[in-house]
There are 2 protein chains.
Amino acid sequence: MLKDIIDNNENYQPGLSIDCVIFGFHDNQLKVLLIKVERANKWSLPGGFIPIDQDIDTAAITVLNSRTGVEGVFLRQFATFGKVKRNDQHFDKKTLDYLQIEEEKGKWLMRRFVTIGYYALVDFSKILPNPTGRNEIVEWIDHKEVPELILDHREILDKALDTLRIELNLMPVGYNLLPEKFTIPELQKLYETILDKKLDRRNFLRKITNIGILTKLDEKKSNVAHKAPNLYSFDKEKYDEVLKNGLNQGW
Amino acid sequence: MLKDIIDNNENYQPGLSIDCVIFGFHDNQLKVLLIKVERANKWSLPGGFIPIDQDIDTAAITVLNSRTGVEGVFLRQFATFGKVKRNDQHFDKKTLDYLQIEEEKGKWLMRRFVTIGYYALVDFSKILPNPTGRNEIVEWIDHKEVPELILDHREILDKALDTLRIELNLMPVGYNLLPEKFTIPELQKLYETILDKKLDRRNFLRKITNIGILTKLDEKKSNVAHKAPNLYSFDKEKYDEVLKNGLNQGW
DNA sequence: AGTACATTGCGTCATAATAACACATTAATG
DNA sequence: CATTAATGTGTTATTATGACGCAATGTACT
């Protein structure tokens with residue numbers, strides 16, 4: 001795979017890559033999709049290169065799709081990372097040897113790569129984390145238990161989460177991270193997890209319903225201990241409207 | 001200049017550039033610093049390339065500094081643009097001929113360039129728009145009267161302004177765009193110009209002073225028709241604190 | 001000198017949004 | 001059938017916001 005790209009590096013945008021921070025929500029926890037190539041000892045964000053005949057946004061969609069199998073989800077560019085040292089020593093001679101890449105061609109990889117960060121919000125339950133015929137492990141990992149990552153991927157992940165926190169004030173976020181039917185407490189847990197702080201149940205309900213994007217269903221969650229919470233769904237039409245106009249105006 | 005870069009293109013990050021949207025405020029109008037190389041008929045954003053031994057943020061500072069002469073101002077990356085067609089046909093064979101660039105070397109420029117957008121907020125009064133020994137015209141242009149720009153620079157400019165509008169809710173902005181001493185009405189005009197809407201005088205005063213970053217000076221503006229408005233300055237310490245903690249929390 | 005005028009500074013009031021909290025309701029459990 | 005740990009609904013005090021009224025100020029004009 002990598003070798004293919006190197007052998008045909010004239011078909012790819014040089015010195016530029018894409019890394020995706022893919023968020024999901026499960027068991028009241030915010031998860032991040034991470035990958036590990038088999039021989040490596042560190043995890044990394046799913047990433048890829050940019051075909052010269054593809055828009056960068058399209059290339060990002062390809063990366064996301066190849067790792068999650070889903071289409072049409074929330075995907076957003078949030079920052080570009082280009083420190084000189086960011087991938088220094090990553091592909092050293094030893095690594096190239098291991099990958100059976102000729103030194104001359106390997107130079108393409110040993111230079112500084114600038115990477116464009118995208119973050120995605122996906123419905124955890126619809127994702128099959130096992131990729132199609134790749135030599136790698138793909139796993140959902142709790143965002144609070146992310147192990148050491150390669151290069152500056154930790155920085156990229158942190159920046160993605162910061163951006164998500166800020167955008168939480170500009171748009172309703174649950175639509176992309178929750179299954180079709182969900183309860184208010186679940187939605188609240190999602191917000192609490194992203195913001196990393198407790199919110200008041202009563203006030204949360206009022207504020208979230210006042211936005212006017214939720215539809216109360218005639219159905220209750222089953223198989224729960226204690227009182228069964230009501231199920232809700234998003235009103236897609238009104239949701240899109242709010243997305244367009246923005247949430248908190250401020251001025 | 002450009003020829004130098006092409007002749008030494010191995011010293012620069014390939015296929016990647018930087019474009020800066022430099023905002024200033026003057027005569028109650030939001031201005032953008034644009035440049036025009038002498039033979040061209042369209043204006044463009046000041047931009048540059050990225051030395052392989054420089055962080056992209058550093059390269060952006062260099063671009064800003066070479067065009068404005070100022071240092072230490074507000075500069076922020078806001079988006080990266082990478083459509084396949086974005087600079088298609090820009091450097092065609094004819095252009096290369098004109099610039100006396102060999103076709104083989106010119107290929108470096110004819111490929112798709114991805115550009116990283118930065119926007120800057122600078123104190124109009126401190127800028128000398130005449131660059132050091134460059135073959136170009138540099139001018140402040142009212143953001144409402146920006147002429148046709150090259151490539152997708154119009155899109156980049158619009159995106160910068162959108163970002164600025166959003167960030168206005170997250171941070172106090174005047175500090176970077178106004179001279180040290182200013183009046184509340186001036187600050188209000190700045191906000192109105194950026195947001196492109198009228199604000200109520202009385203409510204603006206209350207809201208802006210409640211933030212707690214303004215110091216009322218014992219001085220009034222002179223040489224004005226009608227009642228002389230009071231002068232204010234920013235309390236740098238509190239300003240930095242607010243910048244760090246954010247303005248409108250939302251949740 | 002006195003008045004008109006545009007603009008600033010300060011204040012009021014009704015309404016909306018927010019934060020903090022009390023209490024009744026529900027369904028599984030032992 | 002009482003216990004328990006949740007959810008659903010309501011109340012109140014406080015604060016923020018939006019829409020105004022009116023006096024104060026300094027220049028310009030007669």
Side-chain angles (χ1 to χ4, degrees), chain A residues 27-29 168-172 174 178 181-193 195-233 242 245-251, chain B residues 27-29 168-172 174 178 181-193 195-233 242 245-251:
Chain A
D27 281 344
N28 285 338
Q29 291 180 320
L168 208 57
N169 295 322
L170 305 174
M171 64 190 192
L178 293 174
K181 298 175 181 180
F182 55 91
T183 69
I184 298 289
E186 279 167 0
L187 185 56
Q188 181 179 342
K189 292 274 165 40
L190 171 58
Y191 273 70
E192 289 182 338
T193 308
L195 296 169
D196 197 26
K197 74 175 173 192
K198 283 248 163 282
L199 302 172
D200 183 275
R201 280 185 316 115
R202 287 70 58 98
N203 296 334
F204 180 81
L205 172 67
R206 182 155 32 92
K207 198 165 173 181
I208 206 79
T209 49
N210 273 348
I211 298 175
I213 55 171
L214 296 182
T215 309
K216 190 172 182 173
L217 302 175
D218 227 11
E219 216 176 327
K220 303 208 167 191
K221 185 140 183 152
S222 52
N223 283 334
V224 288
H226 320 299
K227 180 169 181 177
N230 220 302
L231 284 170
Y232 285 78
S233 71
V242 171
N245 298 332
L247 216 49
N248 290 358
Q249 299 294 358
W251 284 98
Chain B
D27 279 345
N28 285 337
Q29 290 179 321
L168 208 58
N169 294 322
L170 305 174
M171 64 189 191
L178 293 175
K181 298 174 182 180
F182 55 91
T183 69
I184 298 289
E186 280 167 359
L187 185 58
Q188 182 179 341
K189 292 274 165 43
L190 171 59
Y191 273 71
E192 288 182 337
T193 308
L195 296 169
D196 197 26
K197 73 175 173 193
K198 282 246 162 283
L199 302 172
D200 183 274
R201 281 187 313 117
R202 286 73 54 100
N203 296 334
F204 180 80
L205 173 67
R206 189 181 37 194
K207 200 166 172 181
I208 206 79
T209 50
N210 273 347
I211 298 174
I213 54 172
L214 296 182
T215 309
K216 190 172 183 173
L217 302 176
D218 227 10
E219 216 176 328
K220 303 208 167 191
K221 183 141 184 151
S222 52
N223 283 336
V224 287
H226 320 298
K227 180 170 179 178
N230 220 302
L231 285 171
Y232 285 77
S233 71
V242 171
N245 297 333
L247 215 50
N248 289 359
Q249 299 294 357
W251 284 99

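Proteins come first, then strands; the chains are lettered A, B, ... in the order of their sequence lines, and each starts at number 1.
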Exercise for the section: Give a yes or no on whether a donor-acceptor pair under 3.5 Å exists between the nucleobase atoms of dG8(D), that is its base, and the side chain of Arg201(A). Expected result: yes
Practice task
Would you mind reading off the distance between Asn210(A) atom CG and dT18(C) atom C1', rounded to a whole angstrom?
Solution key: 11 Å
Handout entry: Leu205(A) CG to dT18(C) P, straight-line distance once rounded to whole Å
Key = 14 Å
Exercise for the section: Would you tell me if any nitrogen or oxygen in the side chain of Lys207(B) comes within less than 4.0 Å of OP1 or OP2 on dA16(D)? Expected result: no
Problem - Atom-to-atom span, CZ of Arg206(A) to P of dT7(D) - whole angstrom - result: 17 Å
Problem - Nearest-Å distance for atom pair CG/P, residues Asp200(B) and dT7(C) - result: 15 Å
Exercise for the section: May I ask you to verify if any side-chain N or O of Lys216(A) is less than 4.0 angstrom from the OP1 or OP2 atom of dT9(D)? Expected result: yes
Problem - His226(B), nearest nucleotide to its side chain (from dG26(D), dT17(D), dC10(C)) - result: dG26(D)
Completion exercise
Per atom distances to the Arg202(B) side chain, the nearest of dG21(D), dG10(D), dT8(C) is dG21(D)
Handout entry: Whole-Å distance separating the NZ atom of Lys227(B) from the C1' atom of dT8(C)
Key = 4 Å
Handout entry: Gln29(B) backbone acceptor or donor facing Asp27(B) side chain under 3.5 Å
Key = no
Practice task
Mark yes when over 12 heavy atoms from residues, nucleotides or ligands other than Lys207(B) sit less than 6.0 Å from its NZ; otherwise mark no.
Solution key: yes
Exercise for the section: Quick one: do Ile213(A) and Tyr232(A) satisfy side-chain contact (heavy atoms from CB on, under 4.5 Å)? Show the steps, please. Expected result: CA-CA 10 Å; Ile213(A) 55 171; Tyr232(A) 285 78; over 6 Å; no
Problem - Protein-nucleotide distance (Lys198(B), atom NZ; dA19(D), atom P), rounded to Å - result: 15 Å
Handout entry: Whole angstrom value for the distance that separates C1' of dT8(C) from NZ of Lys220(B)
Key = 8 Å
Exercise for the section: Over all heavy atoms of both residues, which pair between Thr183(A) and Pro229(A) is shortest? Give the atoms and the distance, please. Expected result: CG2-CG, 3.7 Å
Problem - Nearest-Å distance for atom pair CG/P, residues Leu187(A) and dT7(D) - result: 13 Å
Practice task
Give the C-alpha distance, both sets of side-chain angles, the deciding distance and a yes or no for side-chain contact (heavy atoms from CB on, under 4.5 Å) between Asn169(B) and Asn169(A).
Solution key: CA-CA 10 Å; Asn169(B) 294 322; Asn169(A) 295 322; over 6 Å; no
Practice task
Looking at every strand, decide which applies to Lys221(A) at a 4.0 Å heavy-atom threshold: base, sugar-phosphate, or nothing.
Solution key: nothing
